[in-house]
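Scroll down for the structure; my scribbles are underneath it.
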Amino acid sequence: MSQARPQTMPQSGSLFEEYSWRGMVFDATPGLSDILSKESVSAYIGFDPTASSLHIGSLLPIMCLARLQRFGHTPIAIVGGGTGLIGDPSGKTKERQLLNAVQVEENLAGIRSQLEPFLDFNAARNPARIVNNLDWLGRLGLIDFLRDTGKHFTVNYMMSKESVRRRLDSEDGISYTEFTYMMLQAYDFLKLNELHDCTLQLGGSDQWGNILAGAELIRRVRGGKAHGLVFPLVTNAAGTKFGKTESGTVWLDPERTSPYRFYQFWLNTDDRDVIPYIKYFTWLDRPDVEELEVAVAGRPGQREAQRTLARNVTEMVHGPAALEGAERASKVLFGGAMEALSASELLDVFEEAPSSEFDSDVFAGDGIGFLDLMNRTGLAASRGEARRLVKSGGVYLNNVRVVDEARSITRQDCIEGRLLVLRKGKKNYRLVQVT
RNA sequence: GGACGGGUACCGAAGCGGUCAACCGGGCUGGACUGUAAAUCCAGUGGCUUAGCCUUCGGAGGUUCGAAUCCUCCCCCGUCCA
């Protein structure tokens, strides 16, 4: 079950079959399966530059491209520098806030670097490409656009699309700007078809309408056949939005979501979701996945599948060193062997835990009351709450349960005289640094 | 503009003169069990110097020994009529 890095060694079988067994085909244009088994094609997916980092919601599209490349096809990631300035109405009930060009430019740079670990840009035969559609949309003249592209779309056709219709029914309506989005995306497909012989567009199921519009445009303008394939929306058994936790979105950027949290996110995957996720997000082959499926059914408590998922995805996104750190941190946080670590190691492990700084005077002499400390670090909203927590046995100081609500904290309690680890419940840590 | 109905803690919702810091449900937070899960069970959920005290029931006044509860005015929301 080793984790393979980006590579272009073609795999056997057809890409379509591969997508299928992994549950990644929600819908596809007729005949696509045939073409993928016979020819090597160029395919693209668009990434939305709404934020400077991709989050794990983009992992499925990324894996789609990566798999495609392994099957000998050529992946193109298009970052929507141009379309990002417009805003896609698909899946949105409200008009979007427009981003300015500078923001989009910054976001593009971040996204580009996050795609790089997944795709091989130096493959001899089918190197991956990242393109920015601002390159052509930016200098597209309005008159040309209306004559060459607009002529191929009837308003009737556009209005019949689900993404538009829903907004027509809503109170807010849809602006002309967003209404035009579909045409711009179609134009992208046309342009990529022209420049890079791209004949396939992939996307989430909400992109189906936009993708078909592009294929249609290619047929009309260039007489060529183009295809589309959409993957399903990633769901979770809890019915919440995939990729969100109590602490927010799970980003790919380690600055935003630490590798530890990232690893934990996957480790905490529901039993019902773990096999689909493994199919989506790892390179494990069919026999390995089936083995894990048996493991989940037979001894769910072992969480072999979750562990495998977390290990694989964390390593793929953040590298082996970060994975090692995340696993070490997990061990300390859930195994409780805190004494074994030095203050600086603890700082490292708790890097992403909220922390408060206190002047060393606070701990001098008789020190500070424990309840006050709880309150002042924000771990408890009031002293009363702190008291209740202690009474119910839910508070730990340096991983030792606190039973005496009247106790004070002095310098003696600090690890190496400079660090305290407060914990509320099982997972709620707060670091106190003595300065 | 008129007629009703209503505004209670994070949300929903009881209470309609004292025993109300306010039933109950949800949420949330702890605990037990467990697999860092789900389900279940238990506890807590305004503040404090915690056998007690203080501040809360849309807002401001008033009646009363005593008000979330009664009265007056005001603000806001819903429904119907104009």
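On a predicted model such as this, the values are computed, not experimentally measured, just so you know. Chain naming here is simple, since letters A, B, ... match the order of the sequence lines and numbering starts at 1 in each.
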Q | Closest listed nucleotide, where the reference is the side chain of A:N268 and the choices are B:rU36, B:rG35, B:rG30 | A | B:rU36
(Q) The side chain of A:R388 is closest to which nucleotide in this list: B:rU36, B:rU45, B:rA37? (A) B:rU45
Work out how far the [atom1] atom of [N] is from that of [M], and round it to whole angstrom.
{"N": "B:rG44", "M": "B:rG25", "atom1": "P", "result": "12 Å"}
{"N": "B:rA82", "M": "B:rG15", "atom1": "C1'", "result": "37 Å"}
{"N": "B:rC11", "M": "B:rG59", "atom1": "P", "result": "14 Å"}
{"N": "B:rC74", "M": "B:rC42", "atom1": "P", "result": "50 Å"}
{"N": "B:rU8", "M": "B:rC23", "atom1": "C1'", "result": "13 Å"}
{"N": "B:rU49", "M": "B:rU40", "atom1": "P", "result": "37 Å"}
{"N": "B:rC71", "M": "B:rC28", "atom1": "P", "result": "40 Å"}
{"N": "B:rC4", "M": "B:rG47", "atom1": "C1'", "result": "40 Å"}

Using whole Å, what does the distance between atom [atom2] of nucleotide [N] and atom [atom1] of [X] come to?
{"X": "A:F370", "N": "B:rU49", "atom1": "CZ", "atom2": "C1'", "value": "19 Å"}
{"X": "A:L333", "N": "B:rG35", "atom1": "CG", "atom2": "C1'", "value": "17 Å"}
{"X": "A:E405", "N": "B:rU49", "atom1": "CD", "atom2": "P", "value": "11 Å"}
{"X": "A:R328", "N": "B:rU36", "atom1": "CZ", "atom2": "P", "value": "20 Å"}
{"X": "A:R423", "N": "B:rU29", "atom1": "CZ", "atom2": "P", "value": "15 Å"}
{"X": "A:K426", "N": "B:rC33", "atom1": "NZ", "atom2": "C1'", "value": "9 Å"}
{"X": "A:R383", "N": "B:rC54", "atom1": "CZ", "atom2": "P", "value": "19 Å"}
{"X": "A:Y396", "N": "B:rU29", "atom1": "OH", "atom2": "P", "value": "16 Å"}

Q) So which one's nearest nucleotide on RNA chain B is more toward 5', A:G394 or A:D372? A) A:G394
Q) Between A:R307 and A:V395, who's closer to the 5' end of RNA chain B by nearest nucleotide? A) A:V395
Would you check if the distance from the ring center of [X] to the ring center of [Y] is below 6.0 Å?
{"X": "A:F16", "Y": "A:F71", "result": "no"}
{"X": "A:W208", "Y": "A:F26", "result": "no"}
{"X": "A:Y429", "Y": "A:Y260", "result": "no"}

Q.
Under the side-chain hydrogen bond (donor to acceptor under 3.5 Å, both in side chains) definition, can you give me all pairs with a residue in residues 30-42 of chain A, not counting sequence neighbours?
A. none
Looking for any heavy atom pair under 4.0 Å, which part of the strands does [X] touch: base, sugar-phosphate only, or nothing?
{"X": "A:G393", "answer": "sugar-phosphate"}
{"X": "A:K391", "answer": "nothing"}
{"X": "A:G301", "answer": "base"}
{"X": "A:E385", "answer": "nothing"}
{"X": "A:R401", "answer": "sugar-phosphate"}
{"X": "A:Q302", "answer": "nothing"}
{"X": "A:D270", "answer": "nothing"}
{"X": "A:R303", "answer": "base"}

Q: Measure across A:H227 and A:G31 and return the closest heavy-atom pair with its distance rounded to 0.1 Å.
A: CE1-C, 4.0 Å
**Q.** Nearest-0.5 Å distance, SG of residue A:C64 to OH of residue A:Y280
**A.** 10.0 Å
Output yes when at least one side-chain N/O atom of [X] is less than 4.0 Å from OP1 or OP2 of [N], else no.
{"X": "A:N428", "N": "B:rG30", "answer": "yes"}
{"X": "A:K427", "N": "B:rA37", "answer": "yes"}
{"X": "A:S382", "N": "B:rC48", "answer": "yes"}
{"X": "A:R387", "N": "B:rU45", "answer": "no"}

Identity of whatever pairs with [N] - Watson-Crick or G-U, under 3.5 angstrom:
{"N": "B:rA39", "value": "none"}
{"N": "B:rG78", "value": "B:rC4"}
{"N": "B:rU72", "value": "B:rA60"}
{"N": "B:rC48", "value": "B:rG52"}
{"N": "B:rU19", "value": "none"}

Q.
Please identify which of these residues, A:D271, A:N268, A:T269, meets the side-chain hydrogen bond (donor to acceptor under 3.5 Å, both in side chains) condition with A:Q306.
A. A:D271
Q: Decide whether a cation-pi geometry holds between A:R411 and A:F363; the criteria are a distance under 6.0 Å from NZ or CZ to the six-membered ring centre and an angle within 45° of the ring axis.
A: no
